[in-house]
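Have a look at the structure below, then the notes.
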Amino acid sequence: MLQSKLFTKTRKEAPRDEVSKNAALLIRAGYVHKEMAGVYSYLPLGIIVLKKIEEIVRKEMDAIGGRELVLTALQRKDVWEKVGRWDDNTVDVWFKTNLKDGMELGLGFTHDEQLVNLLTEYVHSYKDLPLYLYQIHTKFRNELRAKSGLMRGREFLMKDLYSFNATEKEQDEFYEKIKIAYMNIFRECGIGDITYFTYASGGTFSKYSHEFQTISDAGEDTIYVDEAKKIAVNDEVLNDEVLVGAGLDRKDLVVKKSIEVGNIFKQGTKYTDPFGLQYQDESGQKKSVYMGGYGIGVTRLMGTIVETLSDSVGIVWPESIAPFKFHLVEILGGGDAHKVKESAAELYKALGGDDIVLYDDRDLRAGEKFSDSDLIGIPWRIVVSGKTLEGGMYEVKNRRTGEVKMLLLQDLLAI
RNA sequence: CGGAGUGUGGUGUAACGGCUAACAUUCCUGUUUUGGGAACAGGCGACUCUGGGUUCGAAUCCCAGCACUCCGACCA
C-alpha cells in the first residue's frame, strides 16, 4: 500500500479530551476516529488490524467446530419478554427504538435469547446436536459511562459463540476446548504472557464463570494472580472455597489491575428452558438443551493490545495483527532520488507488495517519516536511501526492540 | 445516575469586561532544503458549544441546557 494513497493522517497531539492511552495513540496514528463518547469509527488502517484479529478468532472458533452466522442488531420485544429482560429496570443498557407503527424494538446488547428462540425452529433431535454457533458483530450497550477509549464503548465489535449440547458431560468437554482456543487467540494476538485464566462470578446456573484477564493498569478489574500457575481469581469471588477449587494458595497470589478480554459461561438450561428448546433423544424422550456463552470483545482486544504493548513513541503491533509486516521508508535527500525510488519500488515488490508492505512514498523529510513510522507501529521498518544504496544493503529496524541491522535482500526476505 | 473539571480555526494553546479574537501546528502556493517532526515568503481556515441574562460594551461575569473527560455507582 502506498502511504500517499492511504486515507489516514498522523498527528502530533491527541485531542485534549482523549485521555486513555489506547484511544489517544490510535487516533494520533490514524486508526480510529472518535464520533462521541464510547463510539469510534475505524479508518482504513484500523479496519485492517480489526480484520486480522477477527481472522485469528475465526480460525480458532472454526477449529473447535464453530459455525459462523450473523444475527440481527434489531431485536424483537416479545422474545425478550419471554425471559423478563425487556424491562429497563432489569437491563439498564438497552438502546430501544420504534417502528413507524409504534412497535418497540431493541438494539442487541447480547444475542443469547434471540439465538435460542431462532433455534427452536431448527433443533428437535439429538441428531441436530451439538451445535456451536458464533458471530462477530456489533453490539450496542447504553453504558451509563463510556470510558477508557475502546475499552468500554457503547457500540463495539464482539465475537459471541453459543454452544448447544445434549448432555452436561458433552458441554463440559467443549468448555475445556474453548479455554484452550481462547488462550490460543490471546497468545496469537501477542498478549498471551500477560493474560490469565481467571475464576469469576457466575451466572444464575453455574456457580462460577471464567474470564480471561490481561494485566494492565488501565483495567477496571482487580484480580489475584498466581504467576507460576498462570491462574487468577477475580476480586469479586476471592474466597477459600474458590481458592481450593482452583488449587491455589492465598500466599502465592499477587494483586493486579486487569482488563477482561474474554469470558466464558456455562448457562445450563437458563435460556433454553424458557424458550422450550428441547431435543428428543434416541428413545424419543424430550430433554433440555445445555447452553453456554463465550464472548470476546474484539475492539476491546484491539484496545488492550495497544494499551499494553505500546511504548513512549507509539504503537507496537505484534506481527500477527499488524496492518502491514514492513514499513518501507524511502529517504530521498542526500542521494540520487530517482535511484532511491527505483530501488524502493523493486523492494516493495520483492517483499510482497500491497498487503505486506506500507510504502512511505511521501515527499517528506526523514525525521517526520521516522516519527510516523514509530507511531504507526509496523513491526519492521526498512529504510532505502542514498546511503543504503551505496552499501548495497537495507537498513532494517525492529520496532519492538529498536534493534537496527543492515541486511542484504536475501536476509531481509528471510525475516 | 451522584460528584468534580473543561468547552476558543482540523489539532494544541493564548487573550484585564474594551481595537479586526492572537500564537503554533495542520492544509494550500512558491523558493531553498533533505537520515529523527527544516528555513523563508505568501495564503485558506472561528457567529469563541447552545440559549438566555447583566453591561455603553461579553470568549471573559451570571443562569440554564448540551457535549466531553475524570472519580464513584453500574457492568448480561
Side-chain angles (χ1 to χ4, degrees), chain A residues 9-20 23-24 27-28 30 33-39 75 80 83-94 106 108-116 139-149 151-154 156 158 160 162 200-206 209 211 218-221 234 236 259-260 263-265 267 270-271 291-295 297 300 313-314 329-337 340 360 362-375 381-391 395 397 402 404 406:
Chain A
K9 179 177 266 307
T10 57
R11 48 181 77 196
K12 281 188 186 176
E13 289 160 306
R16 190 174 55 134
D17 62 5
E18 194 62 82
V19 174
S20 85
I27 289 169
R28 283 185 52 211
H33 176 260
K34 182 179 189 168
E35 295 294 339
M36 61 185 107
V39 181
Q75 298 190 336
W80 283 94
V83 285
R85 295 223 292 160
W86 177 253
D87 192 83
D88 285 345
N89 295 317
T90 310
V91 175
D92 64 358
V93 296
W94 270 123
F109 65 92
T110 185
H111 287 80
D112 306 68
E113 285 83 350
Q114 185 185 356
L115 181 58
V116 172
K139 295 269 188 282
F140 299 92
R141 294 187 188 181
N142 201 348
E143 297 284 355
L144 254 48
R145 182 183 161 203
K147 60 172 172 174
S148 310
M151 303 299 192
R152 179 170 292 278
R154 296 198 166 97
F156 60 94
M158 180 165 175
D160 43 331
Y162 304 93
S201 63
T204 327
F205 182 79
S206 60
S209 71
E211 296 170 342
E220 298 182 302
D221 287 8
N234 196 307
E236 64 195 8
I259 302 163
E260 181 187 337
N263 66 352
I264 57 179
F265 276 88
Q267 294 157 323
K270 174 184 170 189
Y271 296 108
M291 182 177 174
Y294 316 86
R300 176 184 282 187
V313 288
V329 178
E330 64 179 19
I331 304 296
L332 299 179
D336 182 333
V340 169
D360 189 351
R362 301 172 303 166
D363 187 15
L364 296 173
R365 297 168 66 86
E368 193 170 348
K369 289 187 161 199
F370 292 155
S371 294
D372 272 359
S373 181
D374 289 339
L375 180 59
R381 187 190 78 190
I382 303 167
V383 175
V384 177
S385 69
K387 251 195 226 176
T388 66
L389 278 186
E390 265 174 45
E395 179 192 299
K397 181 181 172 190
V404 180
M406 299 301 291

Taking the same atom, P, in B/C62 and in B/C16, what whole-Å distance lies between them? 15 Å

Taking the same atom, P, in B/A4 and in B/G42, what whole-Å distance lies between them? 49 Å

ring-ring contact (aromatic ring centres under 6.0 Å, His included) filter on A/Trp86, not counting sequence neighbours, yields A/Trp94

Per the atom types in the model, does the base of B/G12 pair as donor or acceptor with the side chain of A/Arg28 at under 3.5 Å? no

Mind checking what makes salt bridge (Lys or Arg N to Asp or Glu O under 4.0 Å) contact with A/Asp112, not counting sequence neighbours? none

Checking contacts here: which listed nucleotide (B/G36, B/C1, B/A76) is nearest the side-chain heavy atoms of A/Leu144? B/C1

Going by the rule side-chain contact (heavy atoms from CB on, under 4.5 Å), which residues pair with A/Asp374 if we only count those two or more places apart in sequence or in a different chain? A/Val313, A/Arg381, A/Lys397, A/Arg399

Nearest-Å distance, CG (A/Asn89) to P (B/C74)? 16 Å

Could you give the distance separating B/G5 and B/G9 at their C1' atoms, to the nearest angstrom? 24 Å

For B/U8 versus B/U60, give the span between their P atoms, rounded off to a whole number of Å. 13 Å

P atoms of B/C1 and B/G65, separation to the nearest Å: 12 Å

Under 4.0 Å, counting only non-hydrogen atoms across every strand here, what does A/Arg141 touch: a base, just sugar-phosphate, or nothing? base

Work out how far the C1' atom of B/G7 is from that of B/G51, and round it to whole angstrom. 15 Å

Check whether any side-chain heavy atom of A/Asp360 lies under 4.5 Å from a side-chain heavy atom of A/Glu330, and answer yes or no. no

Under a 3.5 Å limit on both distances, the Watson-Crick or wobble mate of B/A59 is none

Just how far, in rounded Å, is P of B/C74 from CD of A/Glu260? 15 Å

Base partner of B/G5, which must satisfy Watson-Crick or wobble distances under 3.5 Å: B/C68

Of the non-hydrogen atoms in A/Val384 and A/Thr388, which two are nearest, and what is the gap between them? CA-OG1, 3.5 Å

Would you kindly compare A/Phe109 and A/Asp372 by the position of their nearest RNA chain B nucleotide and give the one closer to the 5′ end? A/Asp372

Please report the closest heavy-atom contact between A/Gly38 and A/Ala146, naming both atoms and the distance. CA-CB, 3.6 Å

Between A/Val384 and A/Met158, the residue closer to the 5' end of RNA chain B by nearest nucleotide is A/Val384

Check ring-ring contact (aromatic ring centres under 6.0 Å, His included) between A/Phe140 and all other residues, then give those that pass, not counting sequence neighbours. none

Under 4.0 Å between any heavy atoms, over every strand shown, what does A/Thr90 touch: base, sugar-phosphate, or nothing? Just pick one. nothing

State the pairing partner of B/A39; accept Watson-Crick or G-U wobble contacts with both distances under 3.5 Å, and report none otherwise. B/U31

Output the rounded distance in Å from CG (A/Asp87) to P (B/A76). 17 Å

So which atom in A/Arg300 and which in A/Met151 form the shortest heavy-atom distance, rounded to 0.1 Å? NE-O, 2.8 Å

A/Glu368 with A/Arg362: basic N within carboxylate O range, under 4.0 Å: no

Of the listed nucleotides B/G35, B/G37, B/A76, the one nearest the side chain of A/Thr110: B/A76

Among all residues two or more places apart in sequence or in another chain, which pass the salt bridge (Lys or Arg N to Asp or Glu O under 4.0 Å) test with A/Lys9? none

Go ahead and name the base partner of B/A76; Watson-Crick or wobble counts if both distances stay under 3.5 Å, otherwise write none. none

Tell me which nucleotide, if any, is Watson-Crick or G-U wobble paired with B/C44 when both distances must be under 3.5 Å. none

In whole angstrom, give me the gap between the C1' atoms of B/U48 and B/A67. 16 Å

The side-chain hydrogen bond (donor to acceptor under 3.5 Å, both in side chains) partners of A/Thr90 (sequence neighbours excluded) come to none

What integer distance in Å separates A/Phe265:CZ from B/C75:P? 12 Å

The ring-ring contact (aromatic ring centres under 6.0 Å, His included) partners of A/Phe156 (sequence neighbours excluded) come to none

Check every atom of B/A76, B/C75, B/A73 against the side chain of A/Glu220 and return the nucleotide holding the closest atom. B/C75

Give one of base, sugar-phosphate or nothing for A/Val93, where a contact means two heavy atoms less than 4.0 Å apart. nothing

Could you write nucleotides 21-34 of chain B as a row of B, S and -, 5' to 3', where a protein heavy atom under 4.0 Å of any base atom gives B, of only sugar-phosphate atoms gives S, and otherwise -? -----SS-----BB

Classify A/Ala14 by what it touches in the nucleic acid, base, sugar-phosphate, or nothing, heavy-atom distance under 4.0 Å. sugar-phosphate

Quick one: label A/Asp374 by what it contacts on the DNA or RNA (base, sugar-phosphate, nothing), any heavy atom closer than 4.0 Å. base

Sticking with atom P, work out how far B/U34 lies from B/A14, rounded to a whole angstrom. 37 Å

Pick out the pairs of N or O atoms, protein on one side and nucleotides 67-70 of chain B on the other, that lie under 3.5 Å.
from	atom 1	to	atom 2	distance (Å)
B/C68	OP1	A/Ala37	N	3.0
B/C68	O3'	A/Lys34	NZ	3.1
B/C68	O2'	A/Asp17	OD2	3.0
B/U69	OP1	A/Lys34	NZ	2.6

Across every strand shown, the nucleotide meeting Watson-Crick or G-U wobble geometry with B/C19 (both distances under 3.5 Å) is none

Among B/U11, B/G37, B/A76, which nucleotide sits nearest the side chain of A/Thr10? B/G37

